[in-house]
Amino acid sequence: MSNHLFGAIRASSGVDDKPFIETLDGGRFTYGDLWRASGRAANALAALGVKPGDRVAAQVEKHPLALVIYLACARAGAIFLPLNTAYTPAEVGYFLGDAEPGLFICDPARREQLAQAAAAAKVARVETLGADGQGSMADRIAAAPDAFADIARGPDDLAAILYTSGTTGRSKGAMLSHDNLLSNSLTLRDYWRFTDRDVLIHALPIFHTHGLFVATNVLLLAGGSLIFMPKFDADLVMRAMPRATSMMGVPTFYTRLLDHPGLSRDATSHMRLFVSGSAPLLAETHRAWRGRTGHAILERYGMTETNMNTSNPYDGERVAGTVGFPLPGVSLRVVDPDSGGPLARDAIGMIEVKGPNVCKGYWRMPEKTEAEFRKDGFFITGDLGKIDEAGYVHIVGRGKDLIITGGFNVYPKEIETEIDALPGVMESAVIGAPHRDFGEGVIAVVVRQAGAALDERSILSALQDRLAKFKLPKRAIIVDDLPRNTMGKVQKNLLRDQHRDIFNTPAS
Ligand code: AMP
């Protein structure tokens, strides 16, 4: 048996002297460098006592060596566990205690703080890697031999555990197998036509599925190159476009680039593909981008637990406000959230998916795993949506964001779409707050366009004729911006906490 994921990457990647990673200042890290460095890193892992099946947790800044360590884990049969760099020592402590890794790699500047959390979780080894590529792990990698006999791993062996962002309750560790990652990346490579001529602007974080698996694995399997940026910066992305062919981003990348005076047809003429995902792309952003650049952004839908599920077509129409069709090999259905029974076309319900992309369950949480898979193997995504007559999938929001007011269901996306269409509105988020009479009352949190004369009264009255009475927001709150996480998702849980008492002022 070979090493399922790394064997496929090695077999289909580019020639050794081709850059895998380029930096804007002329740095090159070739495929040959990648094979040698990942061999050294796999030897370093083994020397540190990491055995096949062990977890390797890493809370490190974005540096090519972090990707080397990810591949080294695959080669050594270990399970890579990337952690968001924003997590506090207490949060890291929870993940280390839950995953029980044999090795934890962190930033040298945080070693002291985090070593305590690691000791409490009985992690045997703590090594370091900094944003500059320096640290004890980097030293160990540099000193180890290049040649490594890859550990045999089958399709169902675990390659990674990715913790979900966990806006309600504790984060859950999605167990991703070698084939979950490989099958999805091969599908995306072919669906989006990636080849060894592609150069991808990589400005996403690498602790999340989008930047780590979608962007990195797809380009590795195509033998293409990455222009690696430590983080998103509109000026740097504009500078990279003349030598790049493609970018994968979250919606905020696109809204920020639209604010850049340099964005034009000329500036994007070398690019062939702009992909968006991880959060809803406003139809307005899609149209504005097309108007300025001539490119139709390709929106796709996925999640930590499932990799990518749907995509707008490469050749056919990329419909703004939809996430396209189920990918080849992925079955997607929309069902009644309570009974799991079938629904008619165009009816809103729970999105469920099944396919080689869907994770093996949640790490050490058999009850949660059982609760989120149907008996026939479909995974309950928690996203509400519908499939339209043409087969395009629409997402209307997370199930937990559904508002039930006076016994009626209100889907926030429908209200947000109406509000966003009002003159002077930049964007909005609709949430429910506890209400004595109705159970929940609808609230709109609205961001105005600069200089727009818009107030609560004008928003509420403009919606009067557009929405059924039960859907009408009872309050509209004007704010400067919406709270978002690093992947561009609006954090509705924060808004709900903030406005929890808006209808029922607590007794003093
Ligand atoms: P994560 O596990 O952090 O990748 O988050 C996955 C969630 O992001 C999904 O369950 C959706 O709620 C949301 N999401 C991802 N892509 C899209 C998209 N294109 N449109 C709307 N929501 C999306």
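For ligands, and for the atoms within them, numbers begin at 1 and follow the listed sequence.
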Closer than 4.0 Å to some heavy atom of R300 - which atoms of ligand 1 meet that?
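Here the atoms of ligand 1 in question are 16 (N), 18 (C), 19 (N).
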
Residue T304 vicinity, atoms of ligand 1 by number, heavy atom under 4.0 Å
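Contacts of ligand 1 toward T304, numbered from 1: 1 (P), 2 (O), 3 (O), 4 (O).
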
Select one of side chain, backbone, both or neither to describe which atoms of [X] lie under 4.0 Å from any atom of ligand 1, heavy atoms only.
X	result
P280	both
M487	neither
R398	side chain

Among all protein heavy atoms in this structure, tell me which lies nearest to [atom], with the distance rounded to 0.1 Å.
atom	result
atom 3 (O) of ligand 1	H208 NE2, 3.0 Å
atom 6 (C) of ligand 1	M303 CB, 3.3 Å
atom 15 (C) of ligand 1	G302 O, 3.3 Å
atom 17 (C) of ligand 1	A279 N, 3.8 Å
atom 16 (N) of ligand 1	S278 N, 3.2 Å

Please check if any side-chain donor atom of [X] sits under 3.5 Å from a side-chain acceptor atom of [Y], or the reverse.
X	Y	answer
T88	E91	yes
D235	H260	yes
D198	T245	yes
H394	D388	yes

State whether the shortest distance between N or O atoms of [X] and N or O atoms of ligand 1 falls below 3.5 angstrom.
X	answer
T381	no
T209	no
S276	no
Y301	no

Report yes or no: is the cationic atom of [X] (NZ for Lys, CZ for Arg) under 6.0 Å from the centre of the six-membered ring of [Y], at an angle within 45° of the ring normal?
X	Y	value
R272	F274	no
K386	Y411	no
K172	Y362	yes

Above 12 or not: heavy atoms from other molecules or residues under 6.0 Å from CD of E370?
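No - once you tally the heavy atoms of other residues, nucleotides and ligands closer than 6.0 Å, there are 12 at most.
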
Please step through ring-ring contact (aromatic ring centres under 6.0 Å, His included) for the pair F378 and F373, ending with a clear verdict.
CA-CA 6 Å; F378 272 80; F373 282 87; over 10 Å; no

Would you please determine whether [X] falls within less than 4.0 Å of ligand 1 on a heavy-atom basis?
X	result
E299	yes
K489	yes
V323	yes
D383	yes

Main chain of A78, side chain of D54: is a donor-acceptor contact present, judged purely on distance under 3.5 Å?
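Here the side-chain-to-backbone pair does not exist.
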
Is the distance from the ring center of F80 to that of F213 below 6.0 Å?
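Here the rings of F213 and F80 have centres that are no less than 6.0 Å from each other.
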
